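Below: one structure, written as structure tokens.
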Amino acid sequence: MSTKIVVFQMKDLVKRGIFIAAGIIIIIAILLFLNSGDDKTGYIPGTYSAEIILQNSPVVIEVSVDESSILDIAMLNLVETQEVFYPLFEPSFEALRTEILSAQTTDIEITENTVTSSILLEAVNAALEEAKKDGNKDSEETTKTA
């Protein structure tokens, strides 16, 4: 029987240990990053609203949600005088509504009518925050003055 002698150099063992540890850390970081994107925003099903004040009259933005998605967004109480004084309000709302419903998020880029769209987006976000917080539909409505 012949005897084999195996010689390990400490320098090689340290290098391999460092590379293995770095590889494990990178894999864990990638897994954590990928899992963080899987968190779906949970809503309490219902219809939530927020108000925007135009010419001392409220315009109500209603957002309907189910457990995991935005079902519809509606604008109520927009009267003719408000439409005349704020001509970009309704077209901006329709464009924003379409984009939010297709993306299922309010994290969208506003490119047109930025001030009007920002006001509308804040109202939608306020209604969605209510949908996330609690199921009390009679809670105070958020008001934004334009």
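Hydrogens, waters and symmetry mates play no part in the numbers below; they use all other heavy atoms, side chains included. Residue indices begin at 1 and follow the sequence shown. This is a predicted model, so every value here is computed, not measured.
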Over all atoms of both residues, closest heavy-atom pair of Leu96 and Leu120: CD2-CB, 3.6 Å

Close side-chain approach of Phe89 and Leu54, heavy atoms under 4.5 Å: yes

What's the verdict on side-chain contact (heavy atoms from CB on, under 4.5 Å) for Ser69 and Asp66, showing C-alpha distance, side-chain angles and the deciding distance? CA-CA 6 Å; Ser69 62; Asp66 64 10; 2.8 Å; yes

Could you give the distance from OG1 (Thr47) to CD (Glu130), rounded to the nearest 0.5 Å? 13.5 Å

With a 4.5 Å heavy-atom cut-off, do Lys15 and Ile18 have their side chains touching? no

Hey, are the side chains of Gln55 and Phe85 touching, using non-hydrogen atoms and a 4.5 Å cut-off? yes

Is there a chain of hydrophobic side chains (I, L, V, M, F, W, Y, each step under 4.5 Å between heavy atoms) that links Val63 to Leu101? yes

Hey, quick one: are Leu88 and Ile108 part of the same hydrophobic cluster, counting side-chain heavy atoms closer than 4.5 Å, chains of contacts allowed? no

Separation of Thr98 OG1 from Phe93 CZ (nearest 0.5 Å): 9.0 Å

For Thr106, what residues pass the side-chain hydrogen bond (donor to acceptor under 3.5 Å, both in side chains) criterion, not counting sequence neighbours? Asn125

Look at the side-chain heavy atoms of Ile, Leu, Val, Met, Phe, Trp and Tyr, link any pair under 4.5 Å apart, and say whether Val115 and Ile52 land in one connected group. yes

Side-chain heavy atoms of Val59 within contact of Glu51, under 4.5 Å: no

Please find the pair of heavy atoms, one from Ile70 and one from Gln104, that lie closest to each other, and give the distance. N-OE1, 2.6 Å

Non-neighbouring partners of Glu90 that pass side chain to side chain contact (heavy atoms under 4.5 Å, CB included), sequence neighbours left out: Met75, Leu78, Glu83

Roughly how far, to the nearest 0.5 Å, is CD1 of Ile61 from CD of Glu122? 12.0 Å

Which residues pass the side chain to side chain contact (heavy atoms under 4.5 Å, CB included) test with Ser117, not counting sequence neighbours? Ser92, Ile110, Asn113

List the residues meeting side chain to side chain contact (heavy atoms under 4.5 Å, CB included) with Asn77, not counting sequence neighbours, and say none if there are none. Val60

Find the distance between CG (Leu32) and CD1 (Ile27) and round it off to the nearest 0.5 Å. 12.0 Å

Please, which pairs that meet salt bridge (charged side-chain N to carboxylate O under 4.0 Å, His left out) have at least one residue in residues 98-114, sequence neighbours excluded? none

Which residues pass the side chain to side chain contact (heavy atoms under 4.5 Å, CB included) test with Ile30, sequence neighbours left out? Ile26, Leu34

Following the transitive rule for hydrophobic clusters with a side-chain heavy-atom cut-off under 4.5 Å over Ile, Leu, Val, Met, Phe, Trp and Tyr, establish whether Ile20 and Ile28 coincide in one cluster. yes

Nearest heavy-atom approach of Ala127 to Tyr48 is O-CB, 3.5 Å

Could you pull out the closest heavy-atom pair between Ala50 and Ala126, with the gap in Å? CB-CB, 4.1 Å

Test salt bridge (Lys or Arg N to Asp or Glu O under 4.0 Å) applied to Asp72 - qualifying residues, sequence neighbours left out: Arg97

Run Ile100 and Thr105 through side-chain contact (heavy atoms from CB on, under 4.5 Å) and show every step you take. CA-CA 6 Å; Ile100 291 171; Thr105 183; over 6 Å; no

